[in-house]
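One structure below.
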Amino acid sequence: MAAENITEKVVEKVELAAEVGVKAANIVANAFEKTIADTDHSSGAEEDTLWNYFTSFGIHIAMVIIVLLLKWQYDRNRYRYPKGPRDWRNIKDAISFHRKKRENLLVLANDYPDICTVMTHSGRLVLLNDVTLINEIFIGRADLVSNKVDGYLENQLRYKDGKHIRTGIVFRHQDHNSRIIHKALVHHIDANLVGKRLDSAVQEQLKNMRVSENFDVRRTTFYFATRLLTSLSCSSITVSNEDKTFELFQQNLYKISKAIHADTFEKSAKTILTQLTGLSETLDINENVLDYIKTWTEHRRGEINRPENAGDEQTVTSTTKIGNDFLDSLLAVIDESSPRFDEDDMAACILDIIMHGSEMLKGALSWLLLYVVKYPEEADTCRREARDKNYYQFNLSSAESLTHTQAFVKEVLRLSPVVPVVIHSTLQDFKWRKFHIQKRTQFGANIVALHHSAAWKEPNTFDVARWLGENASAIPTNSYSPFGFGPRACVAEKYLFNLLTGILGVLLYHNDFEKTGALPEPTEGTFGLANLPPKFSLKATPLSTRS
């Protein structure tokens with residue numbers, strides 16, 4: 001309490017000093033201007049006029065600098081952040097933090113077990129390494145906004161001026177539109193996908209998955225995920241490689257994905273430039289992708305009954321046809337929205353679902369296939385399980401019976417989480433514990449540190465058995481969160497383990513995977529919208545179907 005009182009007194013004195021500095025600057029400036037005004041220029045002192053101007057200008061600049069220094073000192077005393085490498089002299093740490101190297105996250109967690117502040121090229125980031133603090137901020141507080149969208153994905157930040165808070169599915173936590181969209185998506189998944197369309201949609205895309213003798217894992221899994229999410233979002237769209245329009249849409253999405261996950265210093269420099277100027281190399285591609293989605297929504301709108309007096313082209317009305325796809329579920333809640341959704345909002349929402357869903361699914365499947373080749377004995381155990389249970393095609397409800405395969409999935413996502421750091425930003429200044437945090441400060445939940453904490457037995461060892469039998473009861477509480485936290489978790493969180501387990505089971509049932517070149521280490525990865533292993537290729541050999 002004494003320390004807080006002293007700090008408050010210091011802040012008050014700094015505020016008073018700032019006010020005195022401003023008043024002093026005004027008094028000196030006015031006095032100097034009066035002196036110049038009273039000078040008789042007709043007395044032959046013309047040669048002093050230029051000097052007087054420069055002197056006046058210099059005094060004004062000096063006063064401005066004094067005021068800025070006082071303001072800086074005031075903010076320095078007012079805002080209090082946790083300790084950490086937040087000096088700009090640590091710019092190398094800041095760049096490496098945003099590039100790759102999960103070791104950076106582990107080192108920070110080791111040096112600062114509870115919390116630390118990292119200065120990055122996008123501003124301060126308060127990194128939470130302790131599970132109690134993570135849950136306190138990411139579940140307990142409501143004045144944060146999700147900041148999942150990478151700087152290259154402009155539909156949230158720059159697609160529509162003044163509407164970035166309500167464009168797409170990333171909203172303020174307590175925003176009305178956020179709640180109704182979240183509820184609509186969850187209801188659609190529960191009522192219209194699970195047990196109905198999901199199984200056939202996943203199985204159809206597994207059949208179309210181009211697992212040739214030699215395939216690029218990241219590209220192949222991204223195309224699989226994009227086709228699946230697009231078919232679930234806009235069921236009337238022809239999602240096939242023969243459809244040239246969709247193929248171009250898919251290729252443009254992959255260009256954005258590659259730009260996001262480029263792991264070079266050049267990418268870091270471009271990210272800084274984007275932050276400063278608002279310009280981005282992928283903005284045109286982004287607008288092109290959104291144009292495709294707007295065409296789909298307009299086509300669907302033609303199938304909707306609209307009031308006769310609705311003349312505004314930007315007005316979208318609810319549909320009575322509910323349950324076909326994600327687009328229908330969003331159109332069904334338009335009348336509840338405030339401010340009202342228009343077609344641009346719908347397009348941004350659908351892009352969020354397709355892009356974020358594709359990135360997450362691509363990341364998870366890429367890691368799973370990497371670990372399949374890295375640990376072939378465990379993969380063979382999963383394959384035998386799938387064949388013993390005759391799991392030759394995808395079925396969500398029976399995927400849970402593949403206990404060893406699901407344990408494999410959980411252990412992979414523990415060592416290589418798809419989202420290594422969950423980042424939110426503050427909407428306003430607020431006091432938290434002994435800190436006074438400034439608005440637009442980023443808070444990051446260190447998922448890598450959470451999954452490698454001392455609470456785990458041999459945390460750096462790949463051990464599927466830790467999830468099986470009696471061992472499962474020893475899993476540390478609140479130390480495993482591969483899909484987010486609380487109300488900000490993925491809308492399909494409760495189905496994701498079974499989804500990934502079923503997909504992996506089908507792939508292993510029908511194929512044997514081998515490496516075709518150098519493989520990245522599981523400790524590597526690039527941080528974009530998701531944590532991905534570096535580019536690698538595999539060879540898939542089809543296995544004969546058991547009679």
Side-chain angles (χ1 to χ4, degrees), residues 184-211 220-243 245-247 249-250 253 293 296 299-300 303 319 321-332 350 353-362 364-365 368-369 382-383 385-387 389-402 405-406 409 490-511 540 542-543 545-546:
L185 294 177
V186 170
H187 178 267
H188 175 72
I189 293 172
D190 292 343
N192 303 294
L193 283 185
V194 175
K196 296 181 180 178
R197 291 189 54 237
L198 184 62
D199 289 354
S200 59
V202 174
Q203 183 58 33
E204 179 182 359
Q205 297 309 323
L206 281 171
K207 289 180 180 179
N208 296 331
M209 194 173 182
R210 292 183 173 179
V211 185
T220 301
T221 55
F222 181 78
Y223 282 177
F224 163 79
T226 300
R227 291 193 297 270
L228 176 62
L229 268 297
T230 304
S231 67
L232 296 177
S233 299
C234 305
S235 56
S236 60
I237 303 305
T238 304
V239 181
S240 67
N241 295 318
E242 288 72 28
D243 188 317
T245 300
F246 179 77
E247 184 179 358
F249 168 77
Q250 184 175 245
L253 279 182
I293 298 177
W296 301 340
H299 174 73
R300 179 67 56 81
E303 303 172 357
T319 174
K321 292 168 38 178
I322 301 175
N324 292 333
D325 50 33
F326 285 123
L327 179 55
D328 271 343
S329 69
L330 296 178
L331 292 172
I350 296 300
I353 295 171
I354 295 174
M355 191 67 193
H356 288 126
S358 298
E359 287 292 326
M360 299 301 120
L361 191 51
K362 172 186 71 173
L365 294 178
L368 289 174
L369 290 176
C382 295
R383 182 178 292 108
E385 181 180 57
R387 294 211 149 204
K389 294 183 181 297
N390 200 29
Y391 196 85
Y392 63 94
Q393 68 178 13
F394 181 84
N395 182 277
L396 186 71
S397 60
S398 61
E400 197 168 4
S401 66
L402 305 176
T405 307
Q406 186 155 115
V409 169
C490 176
V491 294
E493 178 187 17
K494 59 184 176 182
Y495 304 112
L496 289 178
F497 281 127
N498 284 352
L499 176 68
L500 295 173
T501 298
I503 293 174
L504 181 61
V506 173
L507 290 175
L508 291 176
Y509 185 100
H510 294 285
N511 302 279
L543 299 175
T545 303
R546 176 178 296 180

Q) Does a donor on one side chain sit under 3.5 Å from an acceptor on the other, for Thr405 and Glu385? A) yes

Q: Check whether any side-chain N or O of Arg383 sits under 3.5 Å from a backbone N or O of Leu508 as a donor-acceptor pair, and report yes or no.
A: yes

(Q) Working to the nearest 0.5 angstrom, can you tell me the gap between Gln203 CD and Ser200 OG? (A) 9.5 Å

Q) About how many Å separate CG of Leu229 and CE of Met360, when rounded to the nearest 0.5 Å? A) 11.0 Å

Q: State whether the side chain of Lys362 and the backbone N or O of Ala225 hold a donor-acceptor pair below 3.5 Å, judged by distance alone.
A: no

Q) CD1/Ile354 to OG1/Thr226 distance, rounded to the nearest 0.5 angstrom? A) 8.0 Å

Q | Sequence-distant partners of Lys494, salt bridge (Lys or Arg N to Asp or Glu O under 4.0 Å), two or more places apart | A | Asp190

Q) Is the shortest heavy-atom distance from the side chain of Leu198 to the side chain of Leu232 under 4.5 Å? A) yes

Q. Who are the side-chain hydrogen bond (donor to acceptor under 3.5 Å, both in side chains) partners of Ser233, not counting sequence neighbours?
A. none

Q) Counting only N and O atoms by type, is there a donor-acceptor contact under 3.5 Å from the side chain of His510 to the main-chain atoms of Leu543? A) no

Q) Does some side-chain heavy atom of Leu402 sit less than 4.5 Å from a side-chain heavy atom of Cys382? A) no

Q) Would Glu359 and Phe222 satisfy side-chain contact (heavy atoms from CB on, under 4.5 Å), going step by step from the backbone distance to the final call? A) CA-CA 7 Å; Glu359 287 292 326; Phe222 181 78; 3.6 Å; yes

Q.
Between Phe326 and Leu193, is the side-chain contact (heavy atoms from CB on, under 4.5 Å) condition met? List the steps.
A. CA-CA 10 Å; Phe326 285 123; Leu193 283 185; 3.8 Å; yes

Q: May I ask you to test the Leu185-Ser329 pair for a side-chain heavy-atom distance under 4.5 Å?
A: yes

Q.
Determine whether a donor-acceptor pair (N or O, by modelled atom type, separation under 3.5 Å) exists between the side chain of Ser401 and the backbone of Ser398.
A. yes

Q) Taking the side chain from Ser235 and the backbone from Ser231, do they hold a donor-acceptor pair closer than 3.5 Å? A) no

Q.
Within this structure, what is the CG-CZ distance for the pair Asp325 and Arg197, rounded to the nearest 0.5 Å?
A. 6.5 Å

Q | side-chain contact (heavy atoms from CB on, under 4.5 Å) evaluation trace for Ile189 with Val186 | A | CA-CA 5 Å; Ile189 293 172; Val186 170; 5.8 Å; no

(Q) As an exercise, state the distance from CD of Glu493 to CZ of Phe497, rounded to the nearest 0.5 Å. (A) 8.0 Å

**Q.** By ring-ring contact (aromatic ring centres under 6.0 Å, His included) - contacts of Phe249 (at least two apart)
**A.** Phe246, Tyr292, Trp296

Q.
Regarding Thr501 and Asn498, do their side chains bring together a donor and an acceptor under 3.5 Å, going by distance alone?
A. no

Q: Determine whether Ile503 and Leu365 make a side-chain contact, defined as any pair of heavy atoms from C-beta on separated by less than 4.5 Å.
A: yes

Q) Going through the checks in order, is the side-chain contact (heavy atoms from CB on, under 4.5 Å) test met by Arg210 and Tyr223? A) CA-CA 9 Å; Arg210 292 183 173 179; Tyr223 282 177; over 6 Å; no

(Q) So, taking the atom named CG in Asp328 and the one named NE2 in His188, what distance separates them when rounded to the nearest 0.5 Å? (A) 8.0 Å

Q) Does a salt bridge link Lys207 with Glu204, judged by any charged N lying under 4.0 Å from a carboxylate O? A) no

Q | Beyond-backbone contact of Ile350 with Leu330, side-chain heavy atoms, under 4.5 angstrom | A | yes

